[in-house]
Amino acid sequence: MKAAVRHEYGSPDVVKLEEIPKPTPRDDEVLVKVHAVSLNSSYWEFLTGKPAYIRMWGLLQPKCKILGSDVAGRVEAVGKNVTQFQPGDEVFGDLLERWGGFAEYVCAPAKALMSKPPSMTFEQAAAIPQAALVALQGLEKGRIGRGQKVLINGAGGGAGSFAVQMAKFFGAEVTGVDSTRKLDIMRSLGADHVVDYTREDFTRTGQRYDLILDFVARRSIFANARSLRPRGRYVLVGGSVARLLQLLLLGPLMSITGKKMGILVAKANKDMARVIELFEDGKVLPIIDGRYTLQEVPEALRYLGEGQARGKVVVTVCP
Ligand SMILES: NC(=O)c1ccc[n+]([C@@H]2O[C@H](COP(=O)([O-])OP(=O)(O)OC[C@H]3O[C@@H](n4cnc5c(N)ncnc54)[C@H](OP(=O)(O)O)[C@@H]3O)[C@@H](O)[C@H]2O)c1
């Protein structure tokens, strides 16, 4: 089978299309013929090996040679202990611990997969698993409620574009923060207000929020706390190691002020039934910007790394 393989850390140019053996599923696994895979911002870090903590997954060379964790496809074969799927079923899921999605076939633990609704395309299904779940779990950790003022930092990106739609569904007044070229997409997803971070610092506008959901965590914990209402909540989903450490150390102290500041530790594939329901009711739709073929995985990674994507970037393996 064909796969987009890399043997070293580096730029997208280290990824090459190779012919490799088709994998065989173990007893608890499913062999999936991959139709589509979506990219997450973490792929850039796993590709380049930066920041340094990524080297826990391979000090000098990456252990994971084939990136791609959010996959959608058709079951080709099942291991002898798998009862919930059979060949021909359409499935999708987050193979976070396995990777291997940038290939014509991938083996996945059956428990990491769920049935793809017929109304969902393979591209849409691939765009959903990680991004939609961190958005949903982040909003729920922040105890989102009707009528709240919610700020989403990084609202034009993969996960942020889901979070805006979900926050509107929950009845919040939403402010989206992102770069200039993403203002329109945030508005079209339902954001009531938008802030261009290249021109304005949302922590200095004087506005206060019940919930800040932060996908990029660039501002200090103190600046974010200043932007919360008295019993407001700040949920850090992604950001630099320095910001994570600052929040781990100082977050518990901030609770003295009545404001809660915490970090989301997302659970892969949890609450997917809820996301499927929101999709089928037309409340949440994946926003797909870049579309690439398996051969074009280096271009897809470059597009991701340059931060150009509005919403999700998807690789279609089997059209
Ligand atoms: N906590 C967990 O358990 C967990 C699990 C999975 C993923 N994550 C994290 O969740 C995050 C999800 O990100 P994603 O996939 O949605 O990334 P993404 O698609 O790259 O989106 C990030 C967005 O933030 C924007 N941005 C960059 N700098 C900004 C700033 N200073 N202020 C406001 N917006 C800014 C980017 O726009 P420009 O590039 O145009 O500037 C981009 O639109 C990642 O950090 C990932 O590591 C966390």
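Just the heavy atoms: all of them, side chains too, but no hydrogens, waters or symmetry mates, feed the values below. Counting starts at 1 for both ligands and their atoms, in listed order. By convention here, the first residue in the shown sequence is residue 1. Note that this is a predicted model, so its numbers are computed, not measured.
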>> With nothing but distance in play, are any N or O atoms of V237 less than 3.5 Å from an N or O of ligand 1?
In response: yes
> Tell me: protein heavy atom nearest atom 11 (C) of ligand 1, and distance?
Replying inline: F215 O, 3.8 Å
>> Give the atom numbers and elements of ligand 1 that come within less than 4.0 Å of a heavy atom of G157.
In response: 16 (O), 19 (O), 21 (O), 43 (O)
> Do K22 and L31 come close enough that some side-chain heavy atom pair is under 4.5 Å?
Replying inline: yes
>> A cation-pi test, strictly: NZ or CZ of K116 under 6.0 Å from the centre of the six-membered ring of F92 and no more than 45 degrees from its axis. Yes or no?
In response: no
>> On a heavy-atom basis, I'd like to know which of V134, N153, D94 is closest to atom 5 (C) of ligand 1.
In response: V134
> How far is atom 19 (O) of ligand 1 from its nearest protein heavy atom, and which residue and atom name does that atom have?
Replying inline: G158 N, 2.8 Å
>> Taking ring pair (Phe, Tyr, Trp, His ring centres under 6.0 Å) as the cut-off, I'd like each qualifying pair that reaches into residues 57-81, sequence neighbours left out, listed once.
In response: F46-W57
> Yes or no on side chain to side chain donor-acceptor pair (under 3.5 Å) for D28 and N81, after CA distance, side-chain angles and deciding distance?
Replying inline: CA-CA 5 Å; D28 296 318; N81 295 341; 3.2 Å; yes
>> Using a 4.0 Å cut-off to any heavy atom of V265, which atoms of ligand 1 qualify?
In response: 3 (O)
>> Side chain, backbone, both or neither: which applies to K182 and ligand 1 if a contact is any heavy-atom pair less than 4.0 Å apart?
In response: side chain
> Given G239, S41, A135, which has its nearest heavy atom closest to atom 15 (O) of ligand 1?
Replying inline: S41
> Hey, does the side chain of K260 reach the backbone of G251 with a donor-acceptor pair shorter than 3.5 angstrom?
Replying inline: no
> Short N/O distance, under 3.5 Å, between S42 and ligand 1?
Replying inline: no
> In ligand 1, which numbered atoms sit nearer than 4.0 Å to a non-hydrogen atom of L264?
Replying inline: 1 (N), 2 (C), 3 (O)
> Counting from 1, what ligand 1 atoms have a heavy atom of G307 closer than 4.0 Å?
Replying inline: 38 (P), 39 (O), 40 (O)
>> Which residue and atom name correspond to the protein heavy atom nearest atom 23 (C) of ligand 1, and how close is it?
In response: D178 OD2, 3.6 Å
> Looking at residues at least two apart in the chain, or sitting in another chain, which of them share a ring-ring contact (aromatic ring centres under 6.0 Å, His included) with F122?
Replying inline: H35
>> For ligand 1 and Q130, I'd like to know whether there is a polar contact (N/O to N/O, distance under 3.5 Å).
In response: no
